[in-house]
Amino acid sequence: MPRLASHTDSVPPSGIRRIFELAHALDDVIYLAIGEPDVAVDPAILRRASDAWLADDTGYTPNGGILELREAIVRTVAERNGIRTDTERVWVTNGATQALSLAFSILLDPGDEVLVPDPGYTTFGMNAHLASATPVPYPLRPEAAFTPDLDELERLVTDRTRLLVVNSPSNPLGAVFDRDTLEALLAFARRHDLWVLSDEVYERFSYDQPHISLASLGDDERVLTAFSASKTYALTGARVGWLLTPPGFAPLLRSVQEATVSCINTPAQRAVAAALTGPQDHVEDAAAHYRANLAAATALLDELGIRYLEPTGAFYLWVDVSHATDGDVAGWAERFLLQQRVAVAPGSAFGRMGEGWVRLCVAASERDLLEGIRRLPAPTTETPAPTAETPAVTHATTAPAPAPAS
């Protein structure tokens, strides 16, 4: 039979999905592996989608999305993110996942290199492979509180590097990069004439450190930004995200969108327009819920003596279980699921630097979250002493926040 394209063999499977599918074959599982909000969707958003369906508002829309939604995005990013843009630079996508894929497909040629965070969201590397490009992980190390090392980036960049991916607030780390870090990354991209793709899906969940959009720091001719309604408004299945581009991309993106998805379903777009323009109390309530869960979870981890990265954003906890995993956290996570009925995401699914760590999603009931953590193996007196890679601290912290979160 005919062969598949050669680059498809290089696309790695998702280690998170492996746990997810295994968990669904079991009973009485505590799910802490998948980033699924546990809050209800605001009824006004649901009504707007329902009204669109009942009115048969189901026709094709412009490739970039309905004007109502694009105008709402322009106003929202100006008011909340400090990004000045226009509707021709806003492209509504099938969730942020397609926004990322769209950016990779238009920025990279076969053989190009893209700098991706390690640990980092799994689809960064997957998208690079699908574009026949090479993902080059830049390590985020525990001894540096998982922040980028500019000297290491300088060593990794080559004449084939075309794109730098930045993710803040971070999935899986729950870390938020401060202004100095973001400005340094942007200056690095300028020095090497790189595109920058900023994944800001968790922008509304930033706690003791304010979220700063890379595109608000200037140089908007090189920065593309991916946003989503999925986490903010608990609309993961509605599949609505958006990509903000530099000026001049519109003619190209009309063709690319037409060739890939044509457009996003109309009722979902109407719902997200209502979400962006309506009251934001439910978003603030969700953020308070996640923050309370993070506080309860970290207090219990401290009590158990289990090391973790102090979370400043998103709804994840990055927890060190290297004392129990014997160098294979993926295998350990499967055994932990089978024996303890708790699903956690193995850190190695997010890159080599995640070995020995797990990601816990705190978008759950506090009862389930704390019970899942209680089943984690605590270090013992026989646990080997930490190395330089794993400092002897109860938790690693990010840099102090320059100002309280907005």
Side-chain angles (χ1 to χ4, degrees), residues 8-26 29-36 95-97 100-101 104 114-130 134-142 146 165-175 199 201-202 230-231 236 306-309 311 313-364 372-373 376-377 389-390:
T8 60
D9 288 338
S10 64
V11 180
S14 170
I16 308 168
R17 278 285 160 182
R18 166 66 182 160
I19 292 292
F20 179 76
E21 290 165 3
L22 185 58
H24 273 270
L26 303 172
V29 171
I30 296 174
Y31 288 91
L32 304 178
I34 300 295
E36 180 78 43
T97 300
L100 296 170
S101 177
F104 275 73
V114 49
L115 292 165
V116 299
D118 176 8
Y121 184 43
T122 55
T123 62
F124 296 151
M126 297 167 81
N127 276 314
H129 286 297
L130 282 171
T134 302
V136 177
Y138 61 90
L140 306 176
R141 301 182 185 279
F146 294 96
V165 178
V166 179
N167 179 206
S168 174
S170 166
N171 173 15
L173 299 173
D199 177 345
V201 166
Y202 294 90
S230 293
K231 313 298 183 176
T236 53
I306 300 175
R307 196 169 67 117
Y308 59 90
L309 177 69
F315 45 58
Y316 299 115
L317 260 176
W318 188 241
V319 179
D320 182 4
V321 291
S322 59
H323 53 274
T325 60
D326 197 26
D328 178 16
V329 73
W332 175 87
E334 289 193 20
R335 294 191 298 275
F336 183 62
L337 171 60
L338 293 171
Q339 295 166 8
Q340 298 293 333
R341 291 299 196 267
V342 181
V344 299
S348 57
F350 304 97
R352 187 178 64 85
M353 297 306 300
E355 182 54 60
W357 297 73
V358 292
R359 187 195 72 178
L360 308 185
C361 177
V362 305
I373 290 173
L376 290 173
E389 289 289 314
T390 54

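Position 1 is the first residue of the sequence, and the numbers go up from there. Every value quoted in this text rests on a predicted model; they were computed, and no experiment measured them.
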Q: Quick one: closest heavy-atom pair of W357 and D320, and the distance?
A: CE3-N, 3.4 Å

Q: Mind checking whether Y121 and M126 have side chains closer than 4.5 Å, heavy atoms only?
A: no

Q: Rounded to the nearest 0.5 Å, what's the gap from CG on N171 to CG on D199? Could you check?
A: 8.0 Å

Q: Below 4.5 Å, heavy atoms only, C-beta onward: do I19 and V344 meet side chain to side chain?
A: no

Q: Looking only at atom types and distance, does a side-chain atom of Y138 sit under 3.5 Å from a main-chain N or O of V165, one as donor and one as acceptor?
A: yes

Q: Taking the side chain as everything from C-beta on, heavy atoms only, tell me whether V342 gets closer than 4.5 Å to F336.
A: yes

Q: Roughly how far apart are F350 CZ and E355 CD, rounded to 0.5 Å?
A: 13.0 Å

Q: Quick one: pull up CG in L22 and CG in L337 and give me the separation to the nearest 0.5 Å.
A: 5.0 Å

Q: If you take all heavy atoms of D118 and P137, which pair is closest and at what distance?
A: CB-CB, 3.6 Å

Q: Output yes when a side-chain donor or acceptor of K231 lies under 3.5 Å from a complementary backbone atom of G35, and no otherwise.
A: yes

Q: Looking at side-chain heavy atoms only, is the closest gap between E334 and R18 below 4.5 Å?
A: yes

Q: Indicate yes or no: at least one non-hydrogen side-chain atom of L173 is less than 4.5 angstrom from one of P119.
A: yes

Q: Please find the pair of heavy atoms, one from P377 and one from W332, that lie closest to each other, and give the distance.
A: CD-CZ2, 3.6 Å

Q: Between F124 and F104, is the ring centroid distance below 6.0 Å?
A: no

Q: Return yes if some donor-acceptor pair links the side-chain N/O of R359 with the main-chain N/O of L317 below 3.5 Å, else return no.
A: no

Q: Quick one, L140 and M353 - any side-chain contact, counting heavy atoms below 4.5 Å?
A: no

Q: Using 0.5 Å steps for rounding, measure from the OH atom of Y308 to the CG atom of L376.
A: 13.5 Å

Q: Taking all heavy atoms of G354 and all of W318, pick out the closest pair and write down the distance.
A: CA-CZ2, 3.7 Å

Q: What heavy-atom pair brings A349 and T122 nearest, and what distance separates the two atoms?
A: O-CG2, 3.0 Å

Q: State, to 0.1 Å, how close G372 and L32 come at their nearest heavy-atom pair, and which atoms those are.
A: CA-CD1, 4.2 Å

Q: How far does CD1 of I306 sit from NE2 of H323, to the nearest 0.5 angstrom?
A: 5.5 Å

Q: So, the side chain of N127 versus the backbone of H129: is there a donor-acceptor pair under 3.5 Å, distance only?
A: no

